Q: 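I am attaching a structure below and will ask some questions about it afterwards.
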Amino acid sequence: QVQLVESGGGSVQAGGSLRLSCAVSGSTFSNYVMAWFRQAPEKEREFVAALTRSGGVTNCADSVKGRFTISRDNAKNMMYLQMNSLKPEDTAVYYCAADRRWIPATMAAQYDYWGQGTQVTVSS
């Protein structure tokens with residue numbers, strides 16, 4: 001059973017940066033595509049970014065392109081989301097997700113494993 005644990009959330013002013021981490025255990029990390037999603041109050045969970053098993057191919061939502069960078073370290077069983085130039089609309093609970101598919105998906109329903117989430121709050 002795969003376990004995912006997010007960390008690195010917090011409160012920051014607009015224009016600031018945060019780095020989220022996702023620690024994965026319980027299975028071979030490199031067998032999973034990984035993704036970040038976020039969910040703001042009273043909104044649906046939305047795709048943020050994803051990357052292939054090797055990390056060689058990434059995909060980001062248009063709303064975060066040029067500001068967020070997703071990466072992974074298969075030797076450390078870790079995934080990261082570097083968030084720069086944060087905006088108040090980035091405020092949400094951020095979740096990491098994993099799945100054994102080969103191609104990263106952008107729909108939450110296509111991921112089998114989820115972390116508990118970490119809160120990111122951006123003030124104006």
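Every value quoted in this text rests on a predicted model; they were computed, and no experiment measured them. Computed from heavy atoms alone, side chains included, the values below leave out hydrogens, waters and symmetry copies.
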Q: Kindly write out the residues that satisfy side-chain hydrogen bond (donor to acceptor under 3.5 Å, both in side chains) with Gln39, not counting sequence neighbours, or none if the list is empty.
A: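 Partners of Gln39 under the side-chain hydrogen bond (donor to acceptor under 3.5 Å, both in side chains) test: Arg45.
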Q: Would you say the side chain of Thr91 lies within less than 4.5 Å of the side chain of Val120, judging by non-hydrogen atoms?
A: no
Q: Quick one, Gln82 with Ser71, criterion side-chain contact (heavy atoms from CB on, under 4.5 Å). Give me CA distance, side-chain angles, the key distance, then yes/no.
A: CA-CA 8 Å; Gln82 178 66 44; Ser71 62; over 6 Å; no
Q: Let me see the working for Leu81 and Val48 under side-chain contact (heavy atoms from CB on, under 4.5 Å), right down to the final yes or no.
A: CA-CA 9 Å; Leu81 185 68; Val48 175; 4.1 Å; yes
Q: If you group Ile, Leu, Val, Met, Phe, Trp and Tyr whenever their side-chain heavy atoms sit less than 4.5 Å apart, what else falls in with Val33?
A: Phe37, Phe47, Val93, Tyr95, Tyr111, Trp114
Q: Can you list every pair that meets ring pair (Phe, Tyr, Trp, His ring centres under 6.0 Å) and has a residue in residues 2-28, with sequence neighbours left out?
A: none
Q: Nearest 0.5 Å, what's the OG-NZ distance between Ser63 and Lys87?
A: 8.5 Å
Q: Tell me the ring pair (Phe, Tyr, Trp, His ring centres under 6.0 Å) pairs involving residues 50-70, sequence neighbours left out?
A: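 Ring pair (Phe, Tyr, Trp, His ring centres under 6.0 Å) check on residues 50-70 returns no pairs.
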Q: Within the distance-only criterion (no hydrogens, no angle test), does the side chain of Thr118 pair as donor or acceptor with the backbone N or O of Gly9 below 3.5 angstrom?
A: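 Yes; at least one donor-acceptor contact below 3.5 Å.
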Q: Check side-chain contact (heavy atoms from CB on, under 4.5 Å) between Asp112 and all other residues, then give those that pass, not counting sequence neighbours.
A: Asp99
Q: Search all heavy atoms of Gln110 against all heavy atoms of Thr106 and return the closest pair with its distance.
A: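 Looking at all heavy atoms of both residues, the closest pair is OE1-N, 4.0 Å.
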Q: So, using salt bridge (Lys or Arg N to Asp or Glu O under 4.0 Å) as the criterion, who are the partners of Asp90 when residues are at least two apart?
A: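 If we apply the salt bridge (Lys or Arg N to Asp or Glu O under 4.0 Å) test to Asp90, skipping adjacent residues, the hits are Arg38, Arg67.
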Q: So, Thr52 side chain and Val57 main chain: donor-acceptor pair closer than 3.5 Å or not?
A: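 Yes, the answer is positive, given that a donor and an acceptor are paired below the 3.5 Å cut-off.
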Q: Who passes salt bridge (Lys or Arg N to Asp or Glu O under 4.0 Å) against Arg100, sequence neighbours left out?
A: none
Q: Can you list everything that forms a side-chain contact (heavy atoms from CB on, under 4.5 Å) with Ser123? Sequence neighbours excluded, please.
A: Gln13
Q: Is there a donor-acceptor pair closer than 3.5 Å between any side-chain N or O of Gln119 and the backbone N or O of Gly10?
A: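 No, Gln119 side chain to Gly10 backbone: no donor-acceptor pair under 3.5 Å.
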Q: Tell me the closest heavy-atom pair linking Met34 and Leu4, and the distance in Å.
A: CE-CD2, 3.9 Å
Q: Extract all donor-acceptor atom pairs below 3.5 Å that involve side chains of residues 18-30 and protein atoms in other chains or at least two apart in sequence.
A:
from: Ser25; atom 1: OG; to: Gln3; atom 2: OE1; distance (Å): 3.4
from: Ser27; atom 1: OG; to: Tyr32; atom 2: OH; distance (Å): 3.0

Q: Tell me, please, which residues at least two apart from Thr58 pass side-chain contact (heavy atoms from CB on, under 4.5 Å).
A: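 Thr58 satisfies side-chain contact (heavy atoms from CB on, under 4.5 Å) with Leu51, Ile70 once adjacent residues are dropped.
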Q: Do you know which two heavy atoms are closest between Ser124 and Pro88, and how far apart they sit?
A: CB-CG, 3.9 Å
Q: Which atom names give the shortest non-hydrogen contact between Ala50 and Ala105, and what distance separates them?
A: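 In terms of heavy atoms, the two residues are closest at CB-O, 4.2 Å.
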Q: Run the side-chain hydrogen bond (donor to acceptor under 3.5 Å, both in side chains) test against Asn74 and tell me which residues pass, sequence neighbours left out.
A: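 Asn74 satisfies side-chain hydrogen bond (donor to acceptor under 3.5 Å, both in side chains) with Arg72 once adjacent residues are dropped.
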Q: Apply side-chain contact (heavy atoms from CB on, under 4.5 Å) to Asp73 and Tyr80, showing your working.
A: CA-CA 8 Å; Asp73 185 337; Tyr80 307 100; 4.2 Å; yes
Q: Who pairs with Lys65 by salt bridge (Lys or Arg N to Asp or Glu O under 4.0 Å), at least two apart in sequence or on another chain?
A: Asp62
